[in-house]
Amino acid sequence: MERKVRVRFAPSPTGPLHIGGVRTALYNYLFAKKHGGDFLLRIEDTDQTRFVPGAEEYIIEAFDWLGIKFDEGQGIGGDYGPYRQSDRKPMYKEYADKLIETCWAYYAFDSPEELDNVRKEFEKEKKNFQYDCNTRAALKNSLSLSKEETNTLLENNTPYVIRFKFPKDTEIIIHDLIRGEVRMNSNLLDDKVLYKSDGMPTYHLANIVDDHLMKISHVIRGEEWLPSCPLHVMLYKAFGWEDTMPKFAHLPLLLKPEGNGKLSKRDGDRLGFPVFPLEWQDPISKETSSGYRETGYFPEAVINILALLGWNSGTEQEIFTLEELIDIFTIERISKSGAKFDLEKAKWFNHQYFQLMPNDKIAEEYLKILKEKGFNASLEFAEKVVSLVKERCSFVQEIWDQSSFFFLRPETYDQKIIKKRWKEDTPQRLGEIADILNSITDFSVETTDQAVHSFIEKNELNMGQIMNCLRLSIVGEGKGPNLFEIICLIGKEETLERINTAIETIGKNE
RNA sequence: GCCCCGUUCGUCUAGAGGCCUAGGACGCUAGAUUUUCAUUCUAGAAACCAGGGGUUCGAAUCCCCUACGGGGUACCA
């Protein structure tokens with residue numbers, strides 16, 4: 001009796017994939033895998049005017065990066081293809097005709113201009129126009145016209161659309177897996193266009209026909225579809241497909257971090273976080289939008305972030321692998337209200353994954369950044385640097401900020417530290433330390449550490465006084481990892497030169 | 001305007017009538033660790049559960065109203 005779980009992600013290739021769309025896909029994927037079902041990708045490109053070249057490829061690449069695999073669909077294959085609606089174009093007419101035959105739909109010949117005028121007329125009277133059971137009798141369609149008139153128009157190739165004929169006084173009940181029962185009265189619903197004058201179906205028709213033909217068991221989609229769900233339910237009824245109608249689940253929307261409204265591309269750019277999985281360049285305006293991948297987020301982190309934005313496991317665990325998510329995911333635990341994206345928490349998630357990443361992997365990426373900056377280093381050296389500064393970073397890109405002193409001598413010295421720590425006898429003390437370091441043949445963290453410490457003890461000096469100034473001369477600032485780790489990595493020669501430069505520079509030109 | 005959905009710390013959320021003087025996480029503050037900064041650890045502040053009415057011995061949890069937020073209202077998806 002129970003049908004095999006088959007769910008789909010059905011984006012429209014009108015641009016890069018929005019992060020909210022990624023979350024929708026993720027929930028579909030988790031649900032499918034949890035139940036041993038299929039997850040398919042269907043491209044909904046019925047609006048030819050909004051087609052954006054490259055968008056389809058972008059979508060496929062994005063999921064590839066995220067590690068979310070489709071079982072079938074566009075670019076993958078499968079038994080229910082084609083999976084691009086424009087390639088399925090010829091079949092939709094047949095279904096639209098079927099609805100005309102059974103009187104669930106009708107031809108409408110009103111031109112867009114005519115409808116515009118009607119709308120304006122209504123507005124004048126402060127009323128709202130809707131093409132529905134109350135107004136259709138007064139408009140130009142196969143319901144108001146005689147059979148002969150309709151046929152003549154059809155024979156003359158008059159442009160027409162096919163509209164759904166909503167029955168009067170019918171209560172439509174939707175059983176939403178997240179929201180429970182949602183009721184709507186058919187009198188308030190308008191006769192949506194199912195088939196456009198350009199020979200393409202609208203979303204509503206194509207969606208229902210394809211979901212049926214592709215044996216979709218559950219429709220998990222954004223909340224923006226809830227208002228048109230009654231139409232979809234009625235379409236299943238009209239086609240006589242009620243017994244295999246998928247179950248619906250309408251997801252809450254992703255909201256912008258501050259203020260109100262849906263998360264949009266603009267917000268990301270303004271607030272400094274990506275709204276798209278991958279970087280995207282608009283083919284026409286050439287404007288680029290940042291992506292999670294390019295910003296340094298790990299796919300695992302993005303999945304983790306998205307999974308917890310509108311869903312929770314009911315436990316206190318927050319870091320999940322994809323496998324764990326599949327295991328624990330349930331639609332029942334999806335929340336009903338919209339979720340605001342939180343940049344700080346997103347960074348924290350990435351930080352967690354960053355710490356788990358092996359040093360050599362990070363070092364490889366780090367070497368690329370170094371190369372861009374004009375530095376060549378061995379993988380071994382890069383790996384050591386990474387191991388020293390990794391825990392204070394959330395992204396590979398941050399490694400440089402924490403480690404530039406390994407490659408660049410300080411050009412300036414932090415004035416605050418100078419003021420606080422640089423005393424009259426500091427140059428002399430540093431000179432003595434330089435001599436001691438110079439005398440060490442086995443230049444290691446242990447030997448240098450011990451040498452400097454015993455020097456401080458022997459002269460009864462203050463630890464902070466010496467160490468901070470020594471750090472200042474090496475790094476130029478009062479921060480960074482263990483000083484002896486640093487001097488050993490840059491080597492004796494470099495260390496001594498930096499100390500000498502500091503002695504000569506600091507306090508001289510003020 | 002009309003229709004639909006929603007409303008617990010700043011944010012993501014736990015909570016399915018008594019376990020709630022509302023728990024966790026991010027962020028924030030303080031302390032500890034450190035030669036320093038960061039990390040880490042510990043502690044703390046932070047929601048009269050949108051407001052108002054009911055129902056009940058008892059409500060964040062059930063019902064109603066209001067407010068606010070969101071979505072929809074295209075030959076877009």
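Hydrogens, waters and symmetry mates play no part in the numbers below; they use all other heavy atoms, side chains included. Throughout, a chain's letter reflects where its sequence line sits, starting with A, and its residues are numbered from 1.
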- Message: Within residues 300-311 of chain A, which residues have any heavy atom lying less than 4.0 Å from an atom of RNA chain B?
- Response: L308(A), L309(A), G310(A)
Can you tell me how far [atom2] of [N] sits from [atom1] of [X], to the nearest Å?
{"X": "H351(A)", "N": "rA38(B)", "atom1": "NE2", "atom2": "C1'", "result": "9 Å"}
{"X": "F484(A)", "N": "rU36(B)", "atom1": "CZ", "atom2": "P", "result": "12 Å"}
{"X": "L251(A)", "N": "rG6(B)", "atom1": "CG", "atom2": "C1'", "result": "14 Å"}
{"X": "K345(A)", "N": "rG10(B)", "atom1": "NZ", "atom2": "P", "result": "15 Å"}
{"X": "Q465(A)", "N": "rU35(B)", "atom1": "CD", "atom2": "P", "result": "15 Å"}
{"X": "M467(A)", "N": "rC37(B)", "atom1": "CE", "atom2": "P", "result": "13 Å"}
{"X": "K390(A)", "N": "rU40(B)", "atom1": "NZ", "atom2": "P", "result": "13 Å"}
{"X": "D449(A)", "N": "rU35(B)", "atom1": "CG", "atom2": "C1'", "result": "10 Å"}

Heavy atoms only, 4.0 Å cut-off, all strands: where does [X] land among base, sugar-phosphate and nothing?
{"X": "R221(A)", "result": "nothing"}
{"X": "D110(A)", "result": "base"}
{"X": "N482(A)", "result": "base"}
{"X": "R471(A)", "result": "base"}
{"X": "S337(A)", "result": "sugar-phosphate"}
{"X": "L253(A)", "result": "sugar-phosphate"}
{"X": "P11(A)", "result": "nothing"}

Residue [X], side-chain atoms from C-beta onward, closest of [options]:
{"X": "E318(A)", "options": "rG24(B), rU11(B), rU35(B)", "answer": "rG24(B)"}
{"X": "E224(A)", "options": "rG71(B), rG6(B), rU36(B)", "answer": "rG71(B)"}
{"X": "V182(A)", "options": "rA77(B), rG1(B), rC4(B)", "answer": "rC4(B)"}
{"X": "V161(A)", "options": "rG10(B), rU35(B), rC75(B)", "answer": "rC75(B)"}
{"X": "E391(A)", "options": "rC4(B), rA38(B), rC75(B)", "answer": "rA38(B)"}
{"X": "L188(A)", "options": "rU35(B), rC3(B), rA77(B)", "answer": "rC3(B)"}
{"X": "N128(A)", "options": "rG1(B), rG27(B), rU11(B)", "answer": "rG1(B)"}
{"X": "K192(A)", "options": "rG71(B), rU35(B), rU73(B)", "answer": "rU73(B)"}
{"X": "E344(A)", "options": "rG27(B), rC5(B), rC12(B)", "answer": "rG27(B)"}
{"X": "P227(A)", "options": "rU13(B), rG72(B), rU35(B)", "answer": "rG72(B)"}

With both distances kept under 3.5 Å, what pairs with [N], Watson-Crick or G-U wobble?
{"N": "rU35(B)", "result": "none"}
{"N": "rG1(B)", "result": "rU73(B)"}
{"N": "rC9(B)", "result": "none"}
{"N": "rC57(B)", "result": "rG18(B)"}

Respond yes when some side-chain nitrogen or oxygen of [X] is under 4.0 Å from OP1 or OP2 of [N], and no when none is.
{"X": "R163(A)", "N": "rC75(B)", "answer": "yes"}
{"X": "K196(A)", "N": "rC76(B)", "answer": "yes"}
{"X": "S335(A)", "N": "rU13(B)", "answer": "yes"}
{"X": "T46(A)", "N": "rA77(B)", "answer": "yes"}
{"X": "N312(A)", "N": "rA14(B)", "answer": "yes"}

Short N-O contact, [X] and [Y], less than 4.0 angstrom:
{"X": "K124(A)", "Y": "E121(A)", "value": "yes"}
{"X": "D190(A)", "Y": "K192(A)", "value": "yes"}
{"X": "E318(A)", "Y": "K345(A)", "value": "yes"}
{"X": "R42(A)", "Y": "D211(A)", "value": "yes"}

- Report yes or no: do N359(A) and S387(A) form a side-chain donor-acceptor pair below 3.5 Å? no
- Query: Is a side-chain donor-acceptor pair under 3.5 Å present for S403(A) with Y366(A)?
  - Reply: yes
- Item | Any donor-acceptor N/O pair under 3.5 Å between rC37(B) base and R392(A) side chain | yes
- Task: Ignoring hydrogens and angles, answer whether the base of rA38(B) and the side-chain atoms of K479(A) contain a donor-acceptor pair closer than 3.5 Å.
- Result: no
[M] and [N], which share atom name [atom1], separated by this distance in whole Å:
{"N": "rU39(B)", "M": "rG31(B)", "atom1": "P", "answer": "15 Å"}
{"N": "rU21(B)", "M": "rG27(B)", "atom1": "P", "answer": "29 Å"}
{"N": "rC37(B)", "M": "rG23(B)", "atom1": "C1'", "answer": "34 Å"}
{"N": "rU55(B)", "M": "rC9(B)", "atom1": "P", "answer": "28 Å"}
{"N": "rG72(B)", "M": "rU66(B)", "atom1": "P", "answer": "24 Å"}
{"N": "rA45(B)", "M": "rG1(B)", "atom1": "P", "answer": "44 Å"}
{"N": "rC76(B)", "M": "rA47(B)", "atom1": "C1'", "answer": "40 Å"}
{"N": "rA46(B)", "M": "rA22(B)", "atom1": "C1'", "answer": "13 Å"}

- When the nearest nucleotide of RNA chain B is assigned to G480(A) and to A339(A) on a heavy-atom basis, which residue is associated with the more 5' position? A339(A)
- Task: With RNA chain B as reference, determine whether M184(A) or Q355(A) sits nearer its 5' end, using the nearest nucleotide of each.
- Result: M184(A)
Would you find a donor on one side and an acceptor on the other, under 3.5 Å apart, between the side chain of [X] and the backbone of [Y]?
{"X": "T135(A)", "Y": "Q130(A)", "value": "yes"}
{"X": "D176(A)", "Y": "H250(A)", "value": "yes"}
{"X": "S335(A)", "Y": "G310(A)", "value": "yes"}

- Would I399(A) and F354(A) satisfy side chain to side chain contact (heavy atoms under 4.5 Å, CB included), going step by step from the backbone distance to the final call? CA-CA 11 Å; I399(A) 298 265; F354(A) 195 67; 4.0 Å; yes
- Just one of F9(A), W311(A), F329(A) clears the ring pair (Phe, Tyr, Trp, His ring centres under 6.0 Å) bar with Y27(A), so which one? F329(A)
- The single option from D132(A), I100(A), L143(A) that satisfies side-chain contact (heavy atoms from CB on, under 4.5 Å) with K165(A) is L143(A)
